[in-house]
Amino acid sequence: MKLSMISAMAHGRVIGTGHGGIPWHLPRDVKHFREYTQGKHLLLGRRTFEEMLGWFTDHHPIVLTHNTNYDPEVGSVAQTMESALDLALSTGAQELVVCGGSELYHTALPYADELILTLVEASVEGTVLFPDFEKDITWEAVSEKTFPADEANSYAMRFLHLRRLHPAAVRTEIKA
Ligand SMILES: NC(=O)c1ccc[n+]([C@@H]2O[C@H](COP(=O)([O-])OP(=O)(O)OC[C@H]3O[C@@H](n4cnc5c(N)ncnc54)[C@H](OP(=O)(O)O)[C@@H]3O)[C@@H](O)[C@H]2O)c1
């Protein structure tokens with residue numbers, strides 16, 4: 001099973017305002033996110049999951065939380081990264097897509113095989129950051145596409161698909 005992480009970040013790896021929500025509205029990126037995640041198994045931190053409630057259709061969300069009594073409206077729950085991976089594997093998932101937020105991205109980065117990134121050409125206010133994914137990990141570009149700003153999308157953006165050059169870390173408990 002492949003572990004991918006999908007995220008959109010502005011300059012300085014800003015992904016969130018710090019008081020809930022994403023500091024931009026970019027329909028092109030929303031479409032890209034929807035297309036990539038359609039029908040897939042998703043892993044979400046509890047805060048991001050609650051922000052996205054109502055959004056899930058044909059997805060299989062897994063919520064990561066320390067709360068053993070958590071009872072989500074849709075999907076299933078895991079208390080550790082390893083149990084989330086086991087759960088996805090046990091359902092026959094080919095891919096688990098980590099959808100954030102920051103805390104979960106930091107937890108999941110050592111396990112990530114691929115990154116599906118949108119680099120937003122903007123300097124925005126925000127305290128929630130994507131991890132420093134280039135520190136200690138080498139990635140190769142699978143694809144890259146740049147779009148200018150337009151009437152509907154106020155910032156230019158680059159879709160970047162990266163693959164880890166060396167095997168992802170510590171999957172010792174996972175029998176793929
Ligand atoms: N730009 C983007 O692409 C993007 C994508 C997603 C989210 N975001 C933004 O990111 C922000 C949310 O990020 P965040 O870091 O505050 O929250 P988060 O990662 O969405 O959720 C954090 C919560 O997830 C659970 N969790 C995380 N790691 C865990 C672990 N190792 N074991 C068990 N539980 C774990 C904990 O839940 P409990 O407290 O219940 O224990 C924790 O409080 C929002 O502003 C959102 O809009 C941006």
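Count residues from 1 along the sequence. In this text, all values refer to a predicted model and were calculated from it rather than measured experimentally. As the structure lists them, so they are numbered: ligands from 1, and atoms in each ligand from 1.
- Contacts between F49 and ligand 1, counted as non-hydrogen atom pairs separated by less than 4.0 Å, are absent for every part of the residue.
- For atom 17 (O) of ligand 1, the nearest non-hydrogen atom of the protein is R47 NH1, 3.4 Å.
- Of the protein's non-hydrogen atoms, the one nearest atom 8 (N) of ligand 1 is I15 O, 4.0 Å.
- Close approach to Y105 involves these atoms of ligand 1, each under 4.0 Å from a residue heavy atom: 3 (O), 5 (C), 6 (C).
- Listed by chain and number, the residues in a ring pair (Phe, Tyr, Trp, His ring centres under 6.0 Å) with H59 are W55 (sequence neighbours excluded).
- Contact atoms of ligand 1 toward T48: 6 (C), 7 (C), 12 (C), 18 (P), 20 (O) (distance under 4.0 Å to a heavy atom of the residue).
- The nearest pair of heavy atoms linking L3 to A108 is CD2-O, 3.8 Å.
- Checking T91 against H41 by side-chain atom types alone, a donor-acceptor pair falls below 3.5 Å.
- Among the atoms of G18, none of the N or O lies under 3.5 angstrom from an N or O of ligand 1.
- Shortest contact from atom 11 (C) of ligand 1 to any protein heavy atom: V128 CG1, 3.9 Å.
- In this structure, atom 42 (C) of ligand 1 lies nearest to the protein heavy atom E103 OE1, 3.5 Å.
- No side-chain N or O of Q79 forms a donor-acceptor pair with one of T68 less than 3.5 Å apart.
- For atom 18 (P) of ligand 1, the nearest non-hydrogen atom of the protein is G101 N, 3.5 Å.
- Remark: ligand 1 atoms within the under-4.0 Å shell around heavy atoms of S7 are 2 (C), 3 (O).
- Between the R13 side chain and the P131 main chain, a donor and an acceptor come within less than 3.5 Å of each other.
- Residue nearest to atom 39 (O) of ligand 1, selected from R46, Q79, H19: R46 (by heavy-atom distance).
- Between T17 and ligand 1, no pair of N/O atoms sits closer than 3.5 Å.
- For ligand 1, the atoms sitting less than 4.0 Å from at least one non-hydrogen atom of S102 are 13 (O), 14 (P), 15 (O), 19 (O), numbered in the order shown with element in parentheses.
- L64 counts as a contact of ligand 1, since one of its heavy atoms falls under 4.0 Å from the ligand.
- The number of heavy-atom neighbours closer than 6.0 Å to CD of Q94, taken from other residues, nucleotides and ligands shown, is 12 or below.
- Put simply, the residue from T146, L117, T118, L119 that forms a side-chain contact (heavy atoms from CB on, under 4.5 Å) with M157 is T118.
- Checking G45, G20, G16, C99 against atom 6 (C) of ligand 1, the nearest heavy atom belongs to C99.
- Here the heavy atom of the protein found nearest to atom 3 (O) of ligand 1 is A8 N, 2.9 Å.
- Ligand 1 places these atoms under 4.0 Å from at least one heavy atom of L104: 19 (O).
- Remark: ligand 1 atoms within the under-4.0 Å shell around heavy atoms of G21 are 45 (O), 47 (O).
- Across every non-hydrogen atom of I15 and S102, the tightest pair is CD1-N, 3.7 Å.
- For T48 (side chain) and G45 (main-chain N/O), no donor-acceptor pair under 3.5 Å exists by modelled atom type.
- If you look at T107 next to ligand 1, the close heavy atoms, those under 4.0 Å, all belong to the side chain.
- Note on M52: it clusters hydrophobically with Y36, by side-chain heavy-atom contacts below 4.5 Å among ILVMFWY residues.
- Applying the salt bridge (Lys or Arg N to Asp or Glu O under 4.0 Å) test to pairs two or more places apart or on separate chains, none has a residue in residues 51-75.
- The option with the heavy atom closest to atom 47 (O) of ligand 1, from among H66, M9, E51, is E51.
- Not a single donor-acceptor pair under 3.5 Å links the side chain of W24 to the backbone N or O of A10.
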